[in-house]
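Position 1 is the first residue of the sequence; numbering continues from there.
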Amino acid sequence: MKAYVYLVCIGGAWSAQMTIAPEVDRLFWMEDGLAEAARVVDGRQSGRKSREKLRSKAVELRLKGERVEEGLLSEEALPLGDAIRCVELWQGAGAARGEAGKACGPLASLAACVEQARREASGALVGPGGQAAGDASLPARQWARAAAEAGGSSPGSARAAARAREAMAAAAQRAAAALQGRALLRSEAHALLEGAAADIGGALQLAQLLGWLRLTGAVAAGNGRRRRECRCRRCGSGEAHMHRTACAACGRMCAYCSACLTMGRSRECELLVLGMPAPPLPADSIPADLHKWQLSPAQAAATGSALRFIEAPHQSQQSKEFLLWAVTGAGKTEMIFPLVESVLIRGGRALIATPRRDVVIELDPRIRRAFPDARVVTLYGGSEQRWEAGDITLATTHQLMRFYLAFDLVIIDELDAFPYHGDPILHFAADKSRAPHAPKLLLSATPPTELQRRARSGQLPHARVPVRYHRHPLPVPQLIRTPSVAKLLQAKSLPRALLAALNHSLARGAQLFLFVQRISQVEPMAKLLRTVLKQSAVEGTSSQDPLRADKVSRFRKGQIRVLVTTTILERGVTIPRSDVYILDADGRLFDEASLVQMAGRAGRSGDDPNGFVYFCGRERSRSQISAVRHIRGMNRIAGKQGYLIQEGTATRTFWSRLLKR
């Protein structure tokens, strides 16, 4: 994409501007056009706060928008990156121009900035035959004359210009409203605004002039000494993720970002549209009703702490994070309902994001049932609600790259899961998506070590939920010694102890999760189990299975009794009566967090709280020992805090033994 650079003289001072629609700048800079546009939009508003806000904007623009004394427009369009850099150079060199600028004139200074921007972008001098934008031969009052010709002197011409400004101002208003809180490439912005304006580019340019959104390059050159190095303004990636190819749009070697390529190509000559942030929520509001959600004592205590946190004012970005550390099956979804309600009551927007698409799909009906009057938008790859705006947004963490300062509450569920854990790009996207005043709530059963350290040291506000909503202890895994999966598949048989446990689980009516480490082992193991268990309702699935969503749905409905899978289903899938088998549990691909998460698939229902978990392997590894210690530790905390229900003498004896360990 290309853009023009121009100069305007207002109140005796020259200012450099960049535009993607020069005709809009001509129309609205001249004759107090910006102030007129603000008045036009002001008259269309309803609601006291909206009118006051836009009236203030109109006054600001009248003060700022004195008559344009002169206007100088470059003769040729520049690659977008060069145009942006040229404006930055002009602004940064204001003090340094001094007498030299007065001697050679503003137009020559602009030409010098254009030349420098090109030189820094290409790494080589433009040849002597090159035509610089803003050639000194351009008439000094070109824009002023163009504006006079466009406006004319007759009443009819004036009325036509006024109607054109009014129509464009209305289109800019619609564009700004639709793009609030968004970070979209040009093609995405056009898709979102399709039908909202006849001239989408003009509407975007006017909205920027009015301060309602910001237009910038998707990939921008750095400042200071390393100006050739680029950074992606959508995902935050630096030079390590930049690749340069010959670009048909700008005609040079143009950098693009490979880190966020799956979300569309972000490159130097591509426009990035940044909408305005969400306004702060009112301080005075009706508090959320914590009692109506029927939470357990442990849930209510943790939710109350989180609710007080999100409703309190915060001074710094760091202080706006809160960790909800809850065991698997604790009912984290139910615990966030009062938090979301608090934001909705105050007129805000809430985001619930998670790394896994499966989890997003499972959350969707639960959120819609809990908030039947709210607009719920669910976003993942291929979602039909891609351009819709809602009161509650459910999204995979990759989708957050398309948002900018949009939400009044950001909830990151399963923050330790792949691919969010350890990916700075997704962390950048999550932080970029929340408004400046918005808190971020972190949910996890197995927080990363650094977060655990910060929580224990008091640096990170948090609440811990050591028990599930049904108040039964977590099932403690048992060890079954078995050969590796590779040897089991080679022998085409299962050890007697493993086979007996599988048959016992089926006999008690449970559905079985059977986890393996490698995708290549899924189908062979499913085939073996069909034979040895004499059970046809055995399926296998993985991240590479195109029928995964259908199989998971059938598993939830009870049509599949045994599901062989990888860690792709270690989270987010709840089966009322289930047992868990983890093969090669001593393998290096299963760490403490993944073992705890997989074990958490059992015992989640109040009707079957004592499901069985089996670690199957040749030996007990450090990860297995840590996972068992983690589970027993949570059970111990829950017992000490009185959260567990009493189930007679056997339970009391069990706890007396456990607490002595």
4.5 Å side-chain heavy-atom contact, C232 and C260
yes

Taking it one step at a time, do L441 and V410 satisfy side chain to side chain contact (heavy atoms under 4.5 Å, CB included)? CA-CA 6 Å; L441 188 70; V410 171; over 6 Å; no

Correct closest heavy-atom pair for A178 and L193 would be CB-CD2, 3.7 Å

Rounding to 0.5 Å, atoms CZ (R571) and OG (S444) come to a distance of 6.5 Å

Looking only at heavy atoms, the pair that brings A220 and R233 closest together is CB-NE, 3.1 Å

Value for OH (Y404) from CG (L184), rounded to nearest 0.5 Å, stands at 13.0 Å

_Using side-chain heavy atoms (C-beta onward) and a distance below 4.5 Å, is I412 in contact with T354?_
no

Kindly indicate whether the side chain of L274, heavy atoms from C-beta on, has any atom under 4.5 Å from the side chain of L213. no

- Task: Go through R356 and I568 one step at a time and tell me if the side chain to side chain contact (heavy atoms under 4.5 Å, CB included) criterion holds.
- Result: CA-CA 8 Å; R356 300 286 178 86; I568 192 69; 4.3 Å; yes

Can you check whether Y380 and H398 have ring centres sitting under 6.0 Å from each other?
-> no

- Task: State, yes or no, whether a side-chain contact exists between V377 and I392 at a heavy-atom distance under 4.5 Å.
- Result: no

For R182, the side chain to side chain donor-acceptor pair (under 3.5 Å) test, sequence neighbours excluded, returns none

Flag yes if more than 12 heavy atoms outside Q544 fall under 6.0 Å of its CD atom; otherwise flag no.
-> no

dist I352:CD1 -> T333:OG1 (nearest 0.5 Å) comes out at 7.5 Å

Between R174 and A196 (side chain of the first, backbone of the second, donor and acceptor by atom type, cut-off under 3.5 Å), is there such a pair?
yes

Review point. Heavy-atom distance under 4.5 Å between the side chains of L339 and V343, does that happen here?
Key: no

Nearest heavy-atom contact between L272 and A183 is CD1-C, 4.1 Å

- [ ] Apply salt bridge (Lys or Arg N to Asp or Glu O under 4.0 Å) to the pair E270 and R186, showing each step before the final yes or no.
- [x] CA-CA 7 Å; E270 179 59 72; R186 178 184 51 164; 3.7 Å; yes

If only atom types and distance count, is the side chain of D408 paired as donor or acceptor with the main-chain N or O of R349 below 3.5 Å? yes

ask   = So, the side chain of R267 versus the backbone of A218: is there a donor-acceptor pair under 3.5 Å, distance only?
value = no

Shortest non-hydrogen pair, A3 vs L80, comes out as CB-CD1, 4.0 Å

Does L400 offer a backbone N or O that forms a donor-acceptor pair with the side chain of S433 under 3.5 Å? no

Closest non-hydrogen atoms of T216 and I84, given as atom of the first, atom of the second and distance, are C-CD1, 3.6 Å

**E188 side chain to L185 backbone, donor-acceptor under 3.5 Å** = yes

Between Q180 and W212, is the side chain to side chain contact (heavy atoms under 4.5 Å, CB included) condition met? List the steps. CA-CA 8 Å; Q180 184 181 41; W212 292 342; over 6 Å; no

* Say whether, by atom type as modelled, one donor and one acceptor occur between the side chain of S258 and the main chain of H241 under 3.5 angstrom. => yes

Taken to the nearest 0.5 Å, the spacing of L324 CG from K332 NZ works out to 8.0 Å

- Task: Answer yes or no: is there a side-chain heavy-atom contact under 4.5 Å between L415 and L451?
- Result: yes

Main chain of R375, side chain of D391: is a donor-acceptor contact present, judged purely on distance under 3.5 Å? yes

- Side-chain touch R234/M263, heavy atoms, less than 4.5 angstrom: yes

Subject >> Steps toward side chain to side chain contact (heavy atoms under 4.5 Å, CB included) verdict (L78, Y4) >> reply: CA-CA 6 Å; L78 303 174; Y4 286 88; over 6 Å; no

Notebook entry, point to check: If you count the non-hydrogen atoms of other residues, nucleotides and ligands that lie under 6.0 Å from CZ in F371, is the total more than 12?
Noted result: yes

Pair Q205, D25: side-chain N/O donor-acceptor within cut-off below 3.5 Å | yes

query: Does E268 reach the main-chain N or O of A255 with its side chain, forming a donor-acceptor pair under 3.5 Å?
result: yes

**Request:** Please answer whether the main-chain N or O of L405 pairs with a side-chain N or O of K432 as donor and acceptor at a distance below 3.5 Å.
**Result:** no

Scanning both residues in full, the closest heavy-atom pair of T378 with R368 reads OG1-NH2, 3.7 Å

The side-chain contact (heavy atoms from CB on, under 4.5 Å) partner of L460 among R454, E450, Q452 is R454

To the nearest 0.5 Å, atom CD of Q399 lies from atom CG of L426 at 11.0 Å

Taking atom types as modelled, is there a side-chain donor on R346 or S342 under 3.5 Å from an acceptor on the other? yes

Salt bridge present between E239 and R231 (N-O < 4.0 angstrom): no

| F407 ring centre to R434 NZ or CZ under 6.0 Å, with the angle to the axis within 45°? | no

Discussion item. When you measure from the side chain of E321 to the backbone of K440, do you find a donor-acceptor pair of N or O atoms at a distance under 3.5 Å?
Written reply: no

Any heavy-atom pair between the side chains of T396 and P355 that's under 4.5 Å?
no

Distance col, row T19:OG1 vs L209:CG, nearest 0.5 angstrom, shows 7.0 Å

